[in-house]
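First comes the structure, then the notes that go with it.
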Protein chains: 2
Amino acid sequence: MRRLYGPRHHTRNRGSFGTRYRCRVEHQIPTATVARLSRYLTSLEVTTTSSVSSDELAAKAGGNGAQVRKDLSFLGTTGTRGVGYETAALRNEIRRALGLEAVRPVVIIGAGHLGSALAGYPGFARRGFRICGLFDQAHDRVGTTVAGVRVSDIDQLTDAIPDPATAIGVIAVPAEAAQAVADLLIGAGFRSILNFAPALLTVPPSVEVRQVDLASELHILSHHLARRSG
Amino acid sequence: MRRLYGPRHHTRNRGSFGTRYRCRVEHQIPTATVARLSRYLTSLEVTTTSSVSSDELAAKAGGNGAQVRKDLSFLGTTGTRGVGYETAALRNEIRRALGLEAVRPVVIIGAGHLGSALAGYPGFARRGFRICGLFDQAHDRVGTTVAGVRVSDIDQLTDAIPDPATAIGVIAVPAEAAQAVADLLIGAGFRSILNFAPALLTVPPSVEVRQVDLASELHILSHHLARRSG
DNA sequence: TAATGTGAAAGGCTTCACAGCC
DNA sequence: GGCTGTGAAGCCTTTCACATTA
């Protein structure tokens, strides 16, 4: 069985024509941990004390102390027993783990209600991202300015982004158009997509998609309401 | 060890001053399954064939056939071996499980960019919800109309919603104001909250909160980008 | 003393594999 | 022959408990 927790340098078996060799994987961080690191970072951004304990961080960001410690153990940082973690150092470690050493460019496709709201969302800039493009198909939207960002024609996508392989593409168009936009992004060299359309995207394995479905969140809450009152 | 999958009527042990009794829990659906049921429903809404197989549904909504079958087994529906599931019946079963037999009311607090976008999002109405209130603190927003919904003063929250215990409250205000809005909702009788502010809410156990953090999704994508190129 | 770091145990979810049924 | 229903196995995640260390 594969070890998942424990030593920080994990190993993983790979089959290869019957033989097996072991390949060293550094800092293979579990996906559940990555999601929490994001919350820890958001907390640490407004922490003023010079150090925090795992219990303090858990109280601010959610979870419990043991989980915080296990999560942080993947970073290679080491806290100080009896004291806690040095705030500034931990902040930097998490930023590094999340690939935020430099500001990461984001483009938004779709300048409708949602796309416009995202373009103007102050939380993105505050947390390591820069909206460096807002694109739309509709000619009457092209040329207007939304939340300080100029709306460009979707055909200019390729020209506007110097290195799409390090950027994130956000899909904020109706479900019917989502796959076409995904294909466009992938064709332009994007490898990370955040999809707000309630549609399953088909993409090659080299491309990562995350799906945010607002109605789905309401469905889940609705289910629990029904369970309790029934 | 507790049985989780298998027979549809689960039992659960409850400690009670040393004695243990077994209490029948019908249709205790795992949270991961509930999230997928939402996607299945979205697919089924646009399915035209009179029946679907688990593999077909998996292809449309994501996942694999075995998972679809296991998920649907919690509903108590039974498909037809050799054929599949009857589309209309399945759709109704899932709606029932998600508490969508009647249209579920939703109120949005915060009529800024995000709140306005949500109020105008056609996906909500299409998938079983009605936006029946949009509230804001700012007096210059009150009285205006956003996406066909009138913005009301937040003080009128209690009057506007007949039965808050069956409704869902959506928080779309800045992080600093989120806890105050949550307290307001809970005081008014809400028991389900969808929170878009990147802030940890403290609520009594009777209230369920779901958190959608847009920047967090970008963090996760950013992490994977960094892992691959580094 | 007060906290971290981490094996081990427990819990929950997904996948497998196949019996059962239409 | 095709597809469902479901134990069992395996994997991933969380929690526990405690040795360890500043």
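Letters A, B, ... mirror the listed sequences (proteins, then strands); counts begin at 1.
Between dT13(D), dT14(C), dC18(D), one nucleotide has an atom nearer to the side chain of Pro30(A) than all others, and that is dT13(D). Side-chain proximity of Arg81(A) to dT4(C), dG5(D), dT15(C): nearest is dT4(C). The side chain of Ala66(A) lies closest to dA17(D) when the candidates are dT4(C), dT6(D), dA17(D).
Counting to the nearest Å, the C1' atom of dT13(D) and the CD1 atom of Ile29(A) are 15 Å from each other. Rounding to whole angstrom units, CG of residue Leu37(A) and C1' of dT13(D) are separated by 14 Å. To the nearest angstrom, C1' of dA3(C) lies 14 Å from CG of Leu57(A). Between the NZ atom of Lys70(A) and the P atom of dC18(D) there is a distance of 15 Å, given to the nearest Å. Note: CG (Leu72(B)) to P (dT4(D)) measures 9 Å, nearest angstrom.
At least one side-chain heavy atom of Ile168(B) sits under 4.5 Å from a side-chain heavy atom of Arg104(B). Contact check for Phe190(A) versus Ile161(A): side-chain heavy atoms found under the 4.5 Å cut-off.
Checking the phosphate oxygens (OP1, OP2) of dG5(D), a side-chain nitrogen or oxygen of Tyr85(B) falls inside 4.0 Å. The shortest distance between the side-chain N/O atoms of Thr78(B) and the OP1/OP2 oxygens of dG5(D) is below 4.0 Å. The phosphate of dG2(D) (OP1 or OP2) has no side-chain N or O of Ser53(B) nearer than 4.0 angstrom. For the pair Asn64(B) and dT14(C), the criterion of a side-chain N or O lying under 4.0 Å from OP1 or OP2 is not met. Here Arg36(A) does not reach the OP1 or OP2 of dT13(D): none of its side-chain N or O atoms lies under 4.0 Å away. Contact between the side-chain N/O atoms of Thr80(B) and the OP1/OP2 oxygens of dG5(D) is not found at any separation under 4.0 Å. Taking side-chain N and O atoms only, Ser73(A) has no distance below 4.0 Å to OP1 or OP2 of dG5(C). Phosphate contact (OP1/OP2 of dT15(C), side-chain N/O of Gln67(B), threshold under 4.0 Å): present.
Using a 4.0 Å heavy-atom distance criterion, Asp55(A) is classed as making no nucleic acid contact.
When atom types are taken as modelled, the side chain of His219(B) and the backbone of Arg127(A) share a donor-acceptor pair closer than 3.5 angstrom.
Side chains of Gln67(A) and Asp71(A): a donor-acceptor N/O pair is absent below 3.5 angstrom, by distance only.
Considering Leu201(A), Val212(A), Val209(A), Leu114(A) in turn, Leu201(A) is the only one that fulfils the side-chain contact (heavy atoms from CB on, under 4.5 Å) rule with Ile171(A).
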